[in-house]
Amino acid sequence: MENMYITRKAIRKLPGKVMKTVPIPEPDIIKGFGCRGQIGRICREAGFDTVLVLTDKTLSNLGHLEAVEKSLSNEGIRYGIYDEINSEPKLDYIETGRSLALKNDAKCIISLGGGSVMDTGKMIAAGCRLKHLPVDLLFQKFLIVPQKTVPVIAIPSTAGTGAEMTVGAVISQRNGSKFASVIVGLDVRTVLLDSELTVKAPWRITASCGIDALSHGLEGAVADVSSSQSDIEKSRQCVRLVLENLPVLKEYPQNIEARDAMCLAANLGGNAINKQLAGYVHAFAHSIGAKYHIPHGKAIAMCLMPIMRSQREACQEQLTSLAHYCSFRDVDSLFEALESLISLCDLELDAQTIDPADFKELSVAIAKDSINYSAPVAFKRSQIISILTEIKNLY
């Protein structure tokens, strides 16, 4: 375990340097209520005369697919639909989707849905270019697509993951284990941030997604990685947008301006993941969530403040700048606002299922996961266990 601490400390800047070598998509961003109705025009202007639309049964049954179909038909775009992506991305989904895309000679993959649909679409787009490879062999830490993937148009249906922007994809393998891949050559052409898809979401979903987006921006703002001023400001903007708009949606869920702002916040959070990676908040949340089957947004909410307090000294300057950007007088005021927001979300945080007997196992998993990120500190095993204890006692 201490060897992992030494490794994490020694290579703390390496993940960020590696990601700087990966081409990051810079898609056109189209925002606004109902903007998915522009999809036909976008495809026509790009020369995509045949496309494959990916979605899930829920969105299809809610009628959210109809505007996409109508727009494509009006512009004479031929399209196929694959709407069976109803859980976490699976190898079978990728295999079926790739077969459909190749059979129909799809010039573009349109992904309409949450993170699962987004990640499936990325892998299908890569697999179409690497059609000589069996689907199992697409599971590579860095999946290199020499001539870029088939173009992707992303229409996220949630305001949280930012998966429409990220070059990563997490897929469930046949044995049930999850595998994360970075797609080198991902070609996301356009992202449509359509708040109409989120406006009827239950508060619990809105809150969970919002806290996830917040964590991306927050970890990006304090990351130990060389970032452009533009990317730093995008991460800060993500945090400010969530702090300002998520409380509005608790009281006024139909507020379109706030919904639009949360869609943008999630998108900016995706940029943070690409450019600045994540940190210990995600390392803890991933490990705790996997061990106790706690939903990701709830796990993030449980871990966020204990970890931010634990690494405050290491990133005081970045936190002060973030506080001022968000119009707070100091870091204490920022932390109070973050704590109030988590409380407002009412996610029924309960860490009693976390068993101290599992702390050794969890600390190893957290340390291993953290090596992939750009946290501003490197925690020893004793520090990780101390934070786990705080999380358990706090909730």
Side-chain angles (χ1 to χ4, degrees), residues 159-160 203-223 235-252 258 261-262 265-266 268-269 272 278-289 292 294-354 366 375-377 379 383-384 386-395:
W203 168 246
R204 191 64 52 83
I205 298 299
T206 297
S208 294
C209 291
I211 291 298
D212 192 21
L214 174 73
S215 70
H216 298 155
L218 190 56
E219 294 205 282
V222 302
S235 293
R236 292 173 180 168
Q237 185 184 4
C238 170
V239 175
R240 185 172 67 186
L241 286 170
V242 176
L243 286 170
E244 291 176 349
N245 292 280
L246 191 54
V248 174
L249 293 175
K250 177 71 181 287
E251 189 169 359
Y252 305 104
M262 290 302 298
L268 294 171
Y280 274 109
V281 175
H282 278 75
F284 273 73
H286 286 160
S287 300
I288 291 172
Y292 302 108
I294 298 172
H296 183 64
K298 182 180 287 192
I300 288 285
M302 290 166 56
C303 298
L304 188 65
M305 292 314 300
I307 291 165
M308 294 310 300
R309 285 192 291 266
S310 296
Q311 62 187 26
R312 174 174 176 169
E313 183 178 349
C315 52
Q316 180 70 24
E317 183 178 345
Q318 296 100 311
L319 285 170
T320 299
S321 295
L322 175 62
H324 293 163
Y325 184 90
C326 295
S327 301
F328 295 109
R329 67 179 182 275
D330 53 28
V331 178
D332 286 338
S333 299
L334 171 63
F335 277 16
E336 288 173 8
L338 292 171
E339 289 170 340
S340 295
L341 181 64
I342 291 171
S343 177
L344 178 72
C345 286
D346 192 25
L347 294 175
E348 297 181 357
L349 305 182
D350 181 5
Q352 297 310 302
T353 56
I354 300 177
I366 290 164
V377 294
F379 288 141
Q383 293 172 298
I384 293 175
S386 177
I387 294 170
L388 287 169
T389 301
E390 182 181 354
I391 292 169
K392 181 173 177 61
N393 292 337
L394 187 62
Y395 300 108

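The structure displayed is predicted, hence computed values, not measured ones.
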* What's the spacing between Arg240 CZ and Leu268 CG if we round to 0.5 Å? -> 10.5 Å
* **Residues Arg236, Ser321; criterion side-chain contact (heavy atoms from CB on, under 4.5 Å); working and verdict** => CA-CA 9 Å; Arg236 292 173 180 168; Ser321 295; 3.2 Å; yes
* Verdict with supporting geometry, Leu334 and Leu243, side-chain contact (heavy atoms from CB on, under 4.5 Å) -> CA-CA 10 Å; Leu334 171 63; Leu243 286 170; 4.1 Å; yes
* Asked: Shortest non-hydrogen contact from Gly160 to Ala266?
  -> N-CB, 3.3 Å
* Report yes if some heavy atom in the side chain of Leu349 is under 4.5 Å from a heavy atom in the side chain of Leu394; otherwise report no. => no
* Heavy-atom pair of closest approach, residues Gly279 and Ala375 -> CA-CB, 4.1 Å
* Structure fact -> The side-chain contact (heavy atoms from CB on, under 4.5 Å) partner of Met302 among Asp350, Ile354, Leu347, Val281 is Ile354
* To do: Hey, could you give me the CD1/CD distance between Ile366 and Gln383, rounded to the nearest 0.5 Å?
  => 12.5 Å
* Structure fact -> Closest non-hydrogen atoms of Ala337 and Phe328, given as atom of the first, atom of the second and distance, are CB-CZ, 3.4 Å
* Asked: Which heavy atom of Ser235 sits nearest a heavy atom of Ala221, and at what distance?
  -> CB-N, 3.8 Å
* Asked: Ile300 and Leu214: side-chain contact (heavy atoms from CB on, under 4.5 Å), yes or no, with the steps?
  -> CA-CA 10 Å; Ile300 288 285; Leu214 174 73; over 6 Å; no
* Structure fact -> Here the gap from Phe335 atom CZ to Leu304 atom CG, rounded to the nearest 0.5 Å, amounts to 8.5 Å
* **Side chain Tyr280, main chain Ser310, donor-acceptor under 3.5 Å** => no
* Asked: Quick one: are Ile211 and Val242 in side-chain contact, heavy atoms under 4.5 Å?
  -> no
* Closest approach of Pro306 and Ile387, non-hydrogen atoms and distance? -> CB-CG2, 4.2 Å
Could you go through residues 244-252 and list every donor-acceptor pair under 3.5 Å that involves a side-chain atom there, pairing it with any protein atom two or more places apart or in another chain?
from	atom 1	to	atom 2	distance (Å)
Asn245	ND2	Leu241	O	2.9
Lys250	NZ	Leu344	O	3.0

* To do: Please examine the side chains of Arg312 and Asp332, heavy atoms only from C-beta on, and report whether any two atoms are closer than 4.5 Å.
  => yes
* To do: Check step by step if side-chain contact (heavy atoms from CB on, under 4.5 Å) holds for Val239 and Leu322.
  => CA-CA 8 Å; Val239 175; Leu322 175 62; 4.1 Å; yes
* What heavy-atom pair brings Cys303 and Phe284 nearest, and what distance separates the two atoms? -> SG-CB, 3.7 Å
* **Note, Glu339 side chain near Arg309 side chain (heavy atom, < 4.5 Å)** => yes
* **side-chain hydrogen bond (donor to acceptor under 3.5 Å, both in side chains) contacts in which one or both residues fall within residues 204-222, not counting sequence neighbours** => Thr206-Arg259, Asp212-His216, Asp212-His296, His216-His282, Glu219-His282
* Asked: When rounded to the nearest 0.5 angstrom, what distance separates CG in Leu218 from CE in Met305?
  -> 8.0 Å
